[in-house]
Amino acid sequence: MKAVDLPPDYYLSNFLSLVNFVADRYTSLLSPGEKTFYDSFQSVDPDAQKLYVRLLSRKGQLFRRSKLSYSEIDSIETAAQILAGAGLLDIDPVVEPAVLVPLFSKAELLALCVERGELKTFRTLGRGALEKALLVQAESVGLRLSGADTVYRINGEEAFTTFKLCYFGNLRQDLTDYVLRDLGLQTYERYSLEQRHLLFQSRAQIERHLQYYRCAEQLDTVIGADADTLVDFHAGLPAKDRADKTLSRRLDRLTLTLARQLERLDALDQADMLYRACERPPARERRARLAAKQGRPAAALAFCRDILAAPRSEEELTFAGAFGYRIARRHGDDWPQPPAYQVPTKTVVLAAGPASVEWAAAEYLAAEGRCFYVENTLFNGVLGLFIWDIVFAPVAGAFFNPFQTAPGDFYEPDFHIARAELLQARFEQLSGPAFTDTVKRNFRHKRGIANPLVAWQYLSEELIDLALTRIPAAHWEKIFRRQLAELRNNRAGLPDLVLFPPDSGYELVEVKGPGDRLQKNQLRWMCFFAEHNIAHRVLAVEWGDCA
DNA sequence: GCGGGTTCAG
DNA sequence: TTCACACTGTCAG
DNA sequence: GACAGTGTGTCTCTGAACCCGCAG
Ligand SMILES: [Mn+2]
Ligand SMILES: [Mn+2]
């Protein structure tokens with residue numbers, strides 16, 4: 001499909017692009033060690049730089065010389081010596097045998113470390129058991145292994161981590177993002193990068209993010225530990241910073257996970273303590289549930305009233321109304337009864353087959369019109385195409401590197417507030433021809449460019465044309481405004497199918513198989529449709545043998 | 001030998 | 001390096 | 001009916017090389 005060839009030193013160019021970008025902008029925020037790292041790297045010749053980047057993009061810090069084969073580097077030995085002279089690499093460093101053993105395969109370990117007489121017993125061991133057995137005689141094993149191959153250890157990984165954080169704003173992305181882009185496998189919108197607004201304002205802020213990621217790395221192992229360990233782990237997280245929403249979002253996410261695990265361990269007081277540190281949902285919901293569970297109904301109701309007074313999401317608002325009612329009624333208190341919406345439902349019996357229930361339902365409904373299995377992709381997609389340039393508009397601080405699929409504040413609650421004028425002006429085009437023009441133009445011109453609202457492989461010209469023709473502007477506007485109000489929550493929960501009858505109109509259909517029920521977000525969308533007279537229903541499918 | 005998983009390259 | 005959705009099991013009213 | 005926990009398909013690309021465990 002694509003015959004893109006990368007230049008032979010592509011990885012070095014990418015590395016230099018990244019570190020130079022950061023060095024240009026962040027000199028005053030880099031630590032002495034990070035500056036030394038940068039300067040040392042610049043001081044060595046290209047072959048040494050290439051070897052360094054090759055090793056840096058491999059896993060681990062220790063490498064066996066004999067496992068390295070890079071035809072574009074003239075002499076790996078020379079390059080290694082130069083790197084060693086610059087302090088970027090150690091040759092045959094003194095290390096624990098325990099970190100040496102994983103560099104060798106089982107066959108090698110048996111050949112190098114096991115006497116002939118013992119082969120029979122050792123050969124039957126699994127990898128883990130063999131390593132353990134060998135380390136009983138650590139010194140001799142270490143000696144034999146270090147004699148078997150030259151070992152390199154790269155330094156400066158930590159410094160490079162800071163550079164990556166400053167460049168990407170996260171530690172999820174790395175140099176492979178350059179490759180994927182340059183191979184044409186991932187396309188990013190070409191928004192303008194403002195030099196002016198930097199992602200990080202102080203060294204302390206960088207340190208907090210680094211500390212967060214150090215903790216986050218350990219989460220997988222820590223999550224299986226006991227309650228005290230979890231609480232200690234939480235205490236090791238960096239402090240929140242009022243001005244840093246990104247950090248706050250990451251800390252909340254991690255803390256919610258920890259608190260949820262504490263609940264499972266029945267450490268309810270500790271869980272509550274952690275929830276108290278979270279600003280975002282569902283912290284208050286969990287605290288209300290905890291209070292009720294612990295026999296403190298008044299406290300539970302107080303949390304519900306807190307939420308009702310200042311909901312941070314529609315989900316927690318709905319929860320507070322329903323949960324408050326249940327708790328209040330149980331204790332004879334007054335509480336308004338939450339509205340209950342009975343979604344119009346039609347039941348059909350379909351022949352059981354290999355296809356999923358959604359596809360079977362779509363086939364069944366094809367008798368009533370053109371039917372598409374779209375879930376969230378239709379409304380998210382058309383919204384994304386309609387406001388494409390607003391999503392990528394140069395709002396202060398929104399874009400800080402070329403590898404973003406969305407502005408930094410895309411899922412923040414005030415995304416739409418920061419772009420209120422642009423969005424208002426755009427909404428005024430909804431009733432005219434500019435709406436369909438914009439959507440169709442962007443569908444053609446932006447095709448393939450990454451956008452969290454647009455799932456390209458699920459959108460077709462036919463679907464978009466039909467939707468734009470059949471769905472009235474007033475409906476688009478109501479739906480778009482609801483999506484934008486809470487992009488995180490409202491981008492999901494839209495019905496499975498959209499049905500276009502032969503002549504006019506449309507209907508949104510959520511398919512439910514036996515034993516499946518509407519999820520909370522699906523029900524909220526259904527209530528919304530009812531409120532705005534948007535045709536919708538649940539199609540309950542039962543499996544039968546009649547065709 | 002195979003199948004599954006991981007690592008690496010582009 | 002998930003996320004959205006479906007499915008299953010439980011508990012209580 | 002409410003809730004929790006788990007499974008599934010899908011994500012970021014894909015193919016080659018390698019390693020390991022297991023069956024034969
Ligand atoms: Mn669905
Ligand atoms: Mn469904």
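Naming convention: chains lettered A, B, ... in sequence-line order (proteins, then strands); numbering from 1 in each chain. Because only heavy atoms are used, hydrogens play no part in the values below, and waters and symmetry mates are left out as well, while side chains stay in.
The side chain of A:Arg326 contributes an N or O atom lying less than 4.0 Å from OP1 or OP2 of D:dC3. Applying the 4.0 Å criterion to OP1 and OP2 of C:dA4, one finds that A:Arg491 has a side-chain N or O inside that range. Of the side-chain N and O atoms in A:Arg58, none sit less than 4.0 angstrom from OP1 or OP2 of B:dT7. For the OP1/OP2 pair of C:dC5 and a distance below 4.0 Å, the side-chain nitrogens and oxygens of A:Asn521 include at least one atom meeting the criterion. Residue A:Lys512 places at least one side-chain N or O closer than 4.0 Å to OP1 or OP2 of C:dA6. Side-chain nitrogen and oxygen atoms of A:Arg286 include at least one within less than 4.0 Å of the OP1 or OP2 phosphate oxygen of D:dA4. Put simply, A:Arg260 has a side-chain N or O that comes within less than 4.0 Å of OP1 or OP2 on D:dG5. Residue A:Tyr458 places at least one side-chain N or O under 4.0 Å from the OP1 or OP2 atom of D:dC11. Side-chain N/O atoms of A:Gln519 include one lying less than 4.0 angstrom from OP1 or OP2 on C:dA6. Look at A:Gln173 and you won't find any side-chain N or O under 4.0 angstrom from OP1 or OP2 of C:dT1. OP1 or OP2 of D:dG5 has at least one side-chain nitrogen or oxygen of A:Arg264 nearer than 4.0 Å. Contact annotation: A:Gln457 side-chain N/O to D:dC11 OP1/OP2 distance is under 4.0 Å. Listed pair A:Tyr10 / B:dA9 fails the phosphate criterion, with no side-chain N or O lying under 4.0 Å from OP1 or OP2.
When Watson-Crick and G-U wobble pairs are counted only if both distances are under 3.5 Å, D:dT10 pairs with no nucleotide at all. For C:dT1, there is no paired base (Watson-Crick or G-U wobble, both distances below 3.5 Å).
Distance, A:Asp5 CG to B:dA9 P: 17 Å, rounded to whole Å. Rounded to an integer number of Å, the gap from A:Lys293 NZ to C:dT10 P is 17 Å. Remark: P of D:dA4 and CG of A:Leu268 are 13 Å apart, rounded to the nearest angstrom. Atom CG of A:Asp174 is separated from atom P of B:dC8 by 12 Å (rounded to the nearest Å). For A:His331 and C:dG13, the NE2 to C1' distance is 14 Å, given to the nearest whole Å. Per the geometry, CG belonging to A:Leu518 stands 17 Å off P belonging to C:dA4, to the nearest Å. As rounded to whole Å, 14 Å separates atom P of B:dA9 from atom CG of A:Leu180. If you measure from atom NZ of A:Lys50 to atom P of B:dG10, you get 12 Å, rounded to the nearest angstrom.
The residues A:Lys520 and A:Glu315 are annotated as salt-bridged, a charged nitrogen and a carboxylate oxygen being separated by less than 4.0 angstrom. We find that A:Glu486 and A:Arg491 are not joined by a salt bridge, their nearest charged nitrogen and carboxylate oxygen being 4.0 Å or further apart. We find that A:Arg537 and A:Glu510 are not joined by a salt bridge, their nearest charged nitrogen and carboxylate oxygen being 4.0 Å or further apart. A salt bridge links A:Arg249 to A:Glu412: at least one charged side-chain nitrogen sits closer than 4.0 Å to a carboxylate oxygen.
Proximity of a side-chain donor or acceptor of A:Asp409 to a complementary backbone N or O of A:Phe415 within less than 3.5 Å is not detected. The main-chain N or O of A:Ala492 is found under 3.5 Å from a side-chain atom of A:Trp525 such that the two form a donor-acceptor pair. Without hydrogens or angle criteria, A:Asn14 side chain to A:Tyr178 main chain gives no donor-acceptor distance under 3.5 Å. Between the side chain of A:Asn20 and the main chain of A:Leu16, a donor-acceptor pair closer than 3.5 Å is present.
Atom P of D:dT8 sits at a distance of 23 Å from the matching atom of C:dT1, rounded to the whole Å. As rounded to the nearest Å, D:dG9 and B:dG5 have P atoms that lie 15 Å from one another. The P atoms of C:dT2 and B:dT7 are separated by 15 Å, rounded to the nearest whole Å.
When heavy atoms are screened at a 4.0 angstrom cut-off, A:Tyr70 is found touching the sugar-phosphate backbone but no base atom. Using a 4.0 Å heavy-atom distance criterion, A:Glu510 is classed as a sugar-phosphate-only contact. A:Arg253 comes within 4.0 angstrom of the backbone, heavy atoms only, and of no base. Residue contacts shown for A:Phe403 are absent, as no nucleic acid heavy atom lies under 4.0 Å away. No engagement by A:Asp182 is indicated, since no non-hydrogen atom pair under 4.0 Å with the nucleic acid exists. Nucleic acid contact for A:Leu6: sugar-phosphate only, since backbone atoms but no base atoms lie under 4.0 Å from a heavy atom of the residue. Among the protein residues, A:Asn376 comes within range of the sugar-phosphate backbone only, with heavy atoms under 4.0 Å from sugar or phosphate atoms but none that close to a base.
Taking only side-chain atoms of A:Lys59, from C-beta outward, the nucleotide of B:dT7, D:dT12, C:dC5 with the closest atom is B:dT7. With C:dT1, D:dC13, B:dG10 as the choices, the nucleotide that has an atom nearest any side-chain atom of A:Arg172 turns out to be C:dT1.
Positionally, the nearest nucleotide of DNA chain C for A:Glu358 lies more toward the 5' end than for the other of A:Arg330 and A:Glu358. The residue among A:Gly515 and A:Leu494 whose nearest nucleotide of DNA chain C is located toward the 5' end is A:Leu494.
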* **Under 4.0 Å protein heavy-atom contact, by nucleotide of nucleotides 14-24 of chain D - B base, S sugar-phosphate only** => -----SSS---

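Counting only heavy atoms from C-beta outward, the side chains of A:Val509 and A:His536 never approach each other to under 4.5 Å.
Between A:Glu316 and the choices A:Arg287, A:Arg284, A:Arg524, A:Arg280, the salt bridge (Lys or Arg N to Asp or Glu O under 4.0 Å) rule is met once, by A:Arg284.
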